[in-house]
Amino acid sequence: MEKRMRELETLLTKYNYEYHVLDNPSISDHEYDQLFHELLDLEEKHPELKSDTSPTTRVGGVVLDKFEKVSHETAMLSLSNAFNEEDLRAFNDRIEKAVGKVEYMCELKIDGLAVSLLYNDGKLIQGATRGDGTVGENITANLKTIHAIPLTTNLTEQFEVRGEAYMPKSAFEKLNKVREENNQQVFQNPRNAAAGSLRQLDTSLTSKRHLSIFLYGTTRPEILNVNSQSAALDKLDELGFKTNQERAVKKDIDGVIEYVNYWVEHRNDLPYEIDGIVIKVNDLKLQEEIGYTVRSPKWATAYKFPAEEAKTKILDIELTVGRTGVITPTAILEPVRVAGTTVSRASLHNHELIEEKDIRINDTVIIHKAGDIIPEVVRVVYEERSDQEVYEAPTTCPSCGHEAVKLDEEVAIRCINPTCPAQIVEDIIHFASRGAMNIDGLGEKFVHQLYDAELIKDVADLYTLEKEKLVKLERVGEKKATNLLSAIENSKSQPLQKLLFGLGIRFLGQKASRLIAEEYLTMDNVMEKTKDELIEIPEIGEVIADSIVTYTSNDDFKHLIEKLKAENVNMTEEVEENESNQFDGMTFVLTGKLVEMTRNEAKEKIELNGGKVTSSVSNNTDVVVAGSDAGSKLDRARELEITVWSEQDLLERLGG
Ligand code: IVH
């Protein structure tokens, strides 16, 4: 039995590698599935024989409550940028000045998410995000669902590989299609989709997102026994890692520039997105000689592609009314492909901009994607203009017909009718959004549909929705209605901070909502506060305080709160109490390996006792808690004569 299980693991690992790394499968999907299910069955019958690196672990199923923080042994740096040939030549001049003529390794800069994979004893033991470069998040369970990541390898020493996790364009398009059909917000680009997928607490969701990875380096190349980046990549290939095969060694900067120009033309032919070319000094010894700045290696740079432009025509200018009544113009375009997607709309931001650029309906325009994401009109091609009329800013609201005004010092034109339907719908969309009451499945289109069917007139009406009425709506089945009602029911227990934010009080953002909720604990308390009381909370300024008082003293608002209360919507905030204030005002640094608790637990404990934890030792540090194998931070603490505690010292103060 055990023999067959090990045999199946080996076979499946091999077939998985052929399919996902080599892109060259030797058996059919069906045959693979059969073997996979055979192993699953055996593991179910004999859980004690299941290996922790079994290919079946890739389906996910682990549900986390949060991601633990992990410190990177070697910081995950970023790269300096080059935007044109001149920048590339300047980079080369700096290198030549330091070490003379060099060879360069050119790699595609994958537009995904930097991750670190830690292997020990031939097994993947940890996978993490980059985070701020020093501390990232432990996403091991999520990364294990990526089939291109080997769970085992032949190298037994501990080593770390780094690479870019990404979502292939095809997976991205399919995902967004499904999300659109389900009225869920679509992802802006494959990078956001990959990031969102890797941050799923339920890893079975991650496993359905079809992510992949390209590995591009290791923190200790000496383990690989190589002396160049190109040899390191070849070695990673041999070890079973997926590296990008589109790469080239160039003997001088002219070769690099030629390579870069080739990809400027061909980047859209790839099945995944790239945002540039990474250029690295190939020789590893020379890399060390050239060295690093605090942020990035001096031996590498990233050439960033220029924003792609395209020519098209403005068919119309559409006006939409936002939550605060601002009327925003959007250009409706003759569909055109730019930077990998078809664009048919571009934000015009505000009417001042239209005037400034003299944009008119039927104009031929040049568009691009700002930050490679948001389509914008760059300029009008005046040579192609004939008799287009000047575009006039609206004087009435396109939703309710009420007067639209431009307030002093504002660029925006606003509808000032408080009962404007467009604004109400936007209010409800905001109320249901993720950062607010988080009503899953209640997206923009669905809110419009409910409002148009006169089932809701304000946010409180959401809590009175009935299934019988919902199922009568177009495209709403039994399942969708049930899901919506249960999501609405769940939202009733959201803490006060979410409700406050969801109510759309102007200027009151998520952070200020949290501070206020944590200070006053109930909605009734908040509603009693005067402006002077509110600004006593550090970080709450006059503008926010004024706005809160204006809203909470308004009768319509009071009435809305009463309606929500009647529907049993939670109006309170629970604050985690501090265990003590023995560490009030003290700053701690944790270093080395802790035994009794994780670093994160230690941090939480210190904070619950009033202390603060930072990552680097300085004159502001009060205590360094040093576990075993503490390194440079401990040296620095001794140098600065800072108090050092052992883990045991800390535990004693925390009362065991
Ligand atoms: S080398 C010391 N090579 O670009 C930094 N980075 O700012 C070493 N990236 O998010 C990075 N493809 O994950 C390197 N072939 C490649 C890359 C690459 C994408 C990402 C990297 C990070 C950013 C660097």
Side-chain angles (χ1 to χ4, degrees), residues 72-83 87-88 91 95 104-118 127-137 139 143 146 148-149 160-168 189-195 198-199 211-221 224 226 228-237 241-250 256 259-260 263 267 270-284 286-305 371-372:
H72 297 298
E73 203 169 303
T74 317
M76 291 183 81
L77 300 178
S78 54
L79 289 169
S80 64
N81 288 324
F83 295 100
D87 292 349
L88 286 172
F91 165 73
I95 300 283
Y104 291 108
M105 178 78 217
C106 301
E107 297 168 26
L108 303 188
K109 186 166 183 299
I110 311 302
D111 202 7
L113 214 74
V115 298
S116 133
L117 304 175
L118 198 59
T129 62
R130 173 174 186 271
D132 63 5
T134 315
V135 178
E137 284 178 322
I139 52 163
L143 287 171
I146 300 183
I149 295 181
E160 185 183 339
V161 276
R162 290 180 176 173
E164 195 85 352
Y166 67 94
M167 184 177 284
N189 53 39
R191 174 165 34 97
N192 288 357
L198 282 176
R199 297 201 79 265
L211 300 175
S212 192
I213 194 166
F214 284 121
L215 281 318
Y216 52 66
T218 156
T219 51
R220 291 170 60 201
L224 300 180
V226 292
S228 68
Q229 168 68 5
S230 52
L233 290 174
D234 294 343
K235 191 80 192 185
L236 287 178
D237 281 338
F241 292 98
K242 185 174 159 200
T243 66
N244 197 315
Q245 300 304 307
E246 295 292 354
R247 58 184 189 238
V249 176
K250 296 289 167 188
V256 169
Y259 188 80
V260 160
W263 282 110
R267 58 186 289 207
L270 292 165
Y272 45 84
E273 292 208 334
I274 61 172
D275 59 343
I277 303 290
V278 182
I279 298 123
K280 303 174 183 174
V281 168
N282 196 27
D283 187 300
L284 299 178
L286 291 180
Q287 286 186 357
E288 287 315 302
E289 209 171 302
I290 296 163
Y292 300 80
T293 72
V294 227
R295 291 193 57 240
S296 53
K298 289 193 218 165
W299 45 262
T301 195
Y303 170 83
K304 289 284 191 67
F305 292 130
D372 256 357

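Just so you know, ligand 1 is whichever comes first in the structure, and atom 1 is the first atom listed for that ligand. This is a predicted model, so every value here is computed, not measured.
- Not counting sequence neighbours, E289 has no partner by the side chain to side chain donor-acceptor pair (under 3.5 Å) test.
- In this model, a donor atom of one side chain and an acceptor atom of the other lie less than 3.5 Å apart for Q229 and E107.
- For ligand 1, residues of the protein lying within 4.0 angstrom by heavy-atom distance are L77, S78, L79, E107, L108, K109, I110, A114, E164, Y216, V278, K280, P297.
- In this structure, a donor-acceptor pair under 3.5 Å is present between the side chains of T243 and D237.
- Residues satisfying the side chain to side chain donor-acceptor pair (under 3.5 Å) criterion with N282, sequence neighbours excluded, are E103, S230.
- Taking the side chain to side chain donor-acceptor pair (under 3.5 Å) definition, one finds that Y104 meets it with N92, sequence neighbours left out.
- Ion pair D87/K304 not flagged as a salt bridge, since none of the NZ, NE, NH1 or NH2 atoms sits closer than 4.0 Å to an Asp/Glu carboxylate oxygen.
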